[in-house]
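Notes follow the structure.
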There are 2 protein chains.
Amino acid sequence: MPAAIVPKDEVLDRLAQAFRENGYDGASIARLSEATGLGKASLYHYFKGGKQEMAAAVLGHVGGRFSNMVIAPLRGTGQPARRLRAMSAGLNDFYSQGRSSCILDLFGIGQAGELFRPQLKGAIHRFKNALGDLLREAGLDQTDAETKAEDAIVALQGALVVSRATGDRSVFHRVLEE
Amino acid sequence: MPAAIVPKDEVLDRLAQAFRENGYDGASIARLSEATGLGKASLYHYFKGGKQEMAAAVLGHVGGRFSNMVIAPLRGTGQPARRLRAMSAGLNDFYSQGRSSCILDLFGIGQAGELFRPQLKGAIHRFKNALGDLLREAGLDQTDAETKAEDAIVALQGALVVSRATGDRSVFHRVLEE
DNA sequence: GTCTATAAGCAGATAGAC
DNA sequence: GTCTATCTGCTTATAGAC
């Protein structure tokens, strides 16, 4: 069995980008085909469950990238303040300096929301725990740490929405400095 | 010319709800027809510009409701702290206790974003100014007031996204107490 | 594993009767 | 002002050749 012409990770990256630009409903198979450079039938060869499976695979893939770029720095061994800065840098890269929408936002809408809510909930939970643990390590008590962690995630999501709506990414950059 | 069977405000309310539940792309004409109780052709009689005009009309209608329920209390005459609480109550109603997504989020996505960005930007600007003016009146300097106002809008949008993604509206309620 | 061709159905939108 | 019926094109998805 010969290797695929395009590595699956690359395909998933491009699918993710297309979903992030258009949302679940707006990302038609034709667009996904164009974004990946694969014909429609090839996409269905990769993802036999169709668009829904493509989205699920993207969710897993993006979750993995998030773990590497954001969660891992938080779970590292340096000083808390330093790890927090590493997380900010990771978020900045992950969201392309605020240009990319978050899948947690897009996949929460409409029918997609019903399909993927458990995964979205899990992703938020993991992020909140990682950040909360770090804040506890930095000296906050359990309740404060959880609240602050949740606030940070809320601010991040809000900044992405406002940045997209205004076309002005300065909000995203400012919020990243919390 | 006899009156319409359903008042236009009622039609707009129902269209708004359908758009908020499904997003711009997810809200098909068939769904909008069902949501309003009007046949497709009747919808096109009201909105000759089709779906795009329906969305634009919803944007204007919802903007008006937001002015009444949220901006007006901020611009009132009582004490700043009291007006702030009135705003919170208005937001709680406007977003149905966190159950409704914000049009600023949904209409920022994909093609809809390109169509409506100016209106979205304007709406955020008006909210930020009203809130900033109140904060200045409460004693903050210009820069702080603007920053805090923006932070509040960011937190509100983020809370709505996180509430929708997790299905847990407690985040929305907590953030409303800032 | 990729492609072209095509099926079946839904999308947005319109015509014309009442 | 509302409806049924319809048009056209795009949607998801599949069949089958290479």
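Just so it is clear, the structure is predicted and the values come from calculations on it, not from any experiment. Naming: A, B, ... by sequence-line order, numbering from 1 per chain.
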Pairwise N/O distances under 3.5 Å, protein to nucleotides 15-17 of chain D:
none

- Query: In whole angstrom, what separates Gln52(A)'s CD from dA13(D)'s P?
  - Reply: 8 Å
- Note on the structure: By side-chain hydrogen bond (donor to acceptor under 3.5 Å, both in side chains), Arg99(A) pairs with (sequence neighbours left out) Gln97(A)
- Note on the structure: Between CD of Gln111(A) and P of dT12(D) the distance, given in whole Å, is 11 Å
- Message: Does Glu137(A) have more than 12 heavy atoms from other residues, nucleotides or ligands lying within 6.0 Å of its CD?
- Response: yes
- Taking Lys48(B) for its side chain and Glu53(B) for its backbone only, find out whether a donor-acceptor pair lies under 3.5 Å. no
- Item | Side chain Arg83(B), main chain Leu74(B), donor-acceptor under 3.5 Å | yes
- Just wondering, are more than 12 heavy atoms of other shown residues or ligands nearer than 6.0 Å to CD in Gln17(B)? no
- Does NZ or CZ of Lys51(A) fall inside the cone over Phe19(A)'s six-membered ring, less than 6.0 Å from its centre and within 45° of the axis? no
- Could you check how far CG of Leu43(A) sits from P of dT11(D), rounded to whole Å? 14 Å
- Main-chain N/O of Leu32(B) paired to Thr36(B) side chain as donor or acceptor, under 3.5 Å: yes
- Note on the structure: When rounded to whole Å, the NZ to P distance for the pair Lys51(B) and dT14(C) reads 15 Å
- Neighbours of DNA chain D within residues 21-40 of chain A, by heavy-atom distance under 4.0 Å: Ala27(A), Ser28(A), Ile29(A), Lys40(A)
- Item | Pairs where residues 28-42 of chain B contributes a residue and the test salt bridge (charged side-chain N to carboxylate O under 4.0 Å, His left out) is met, not counting sequence neighbours | none
- Starting at atom CZ of Phe47(B), determine the distance to atom P of dG1(D), rounded to an integer number of angstrom. 12 Å
- Item | Length of the NZ-P vector between Lys48(A) and dT14(D), whole Å | 11 Å
- The complete set of salt bridge (charged side-chain N to carboxylate O under 4.0 Å, His left out) pairs with one or both residues in residues 146-162 of chain B, sequence neighbours excluded, reads Arg174(A)-Glu150(B), Arg174(A)-Asp151(B), Lys128(B)-Glu150(B)
- Charged N to carboxylate O under 4.0 angstrom, Asp133(A) versus Arg75(A)? yes
- Query: Closer than 4.0 Å, any side-chain N/O of Ser42(A) to the OP1 or OP2 of dC3(C)?
  - Reply: yes
- Query: Separation of Tyr44(A) atom OH from dT14(D) atom P, in whole Å?
  - Reply: 7 Å
- Task: Describe, as an angle rounded to 10 degrees, how the axis at the first end of the helix from dG1(C)-dC18(D) to dC18(C)-dG1(D) is tilted relative to the axis at the last end, five pairs per end.
- Result: 0°
- Query: Centre of Phe94(B)'s six-membered ring, under 6.0 Å away, within 45 degrees of the axis: is that where NZ or CZ of Arg20(B) sits?
  - Reply: yes
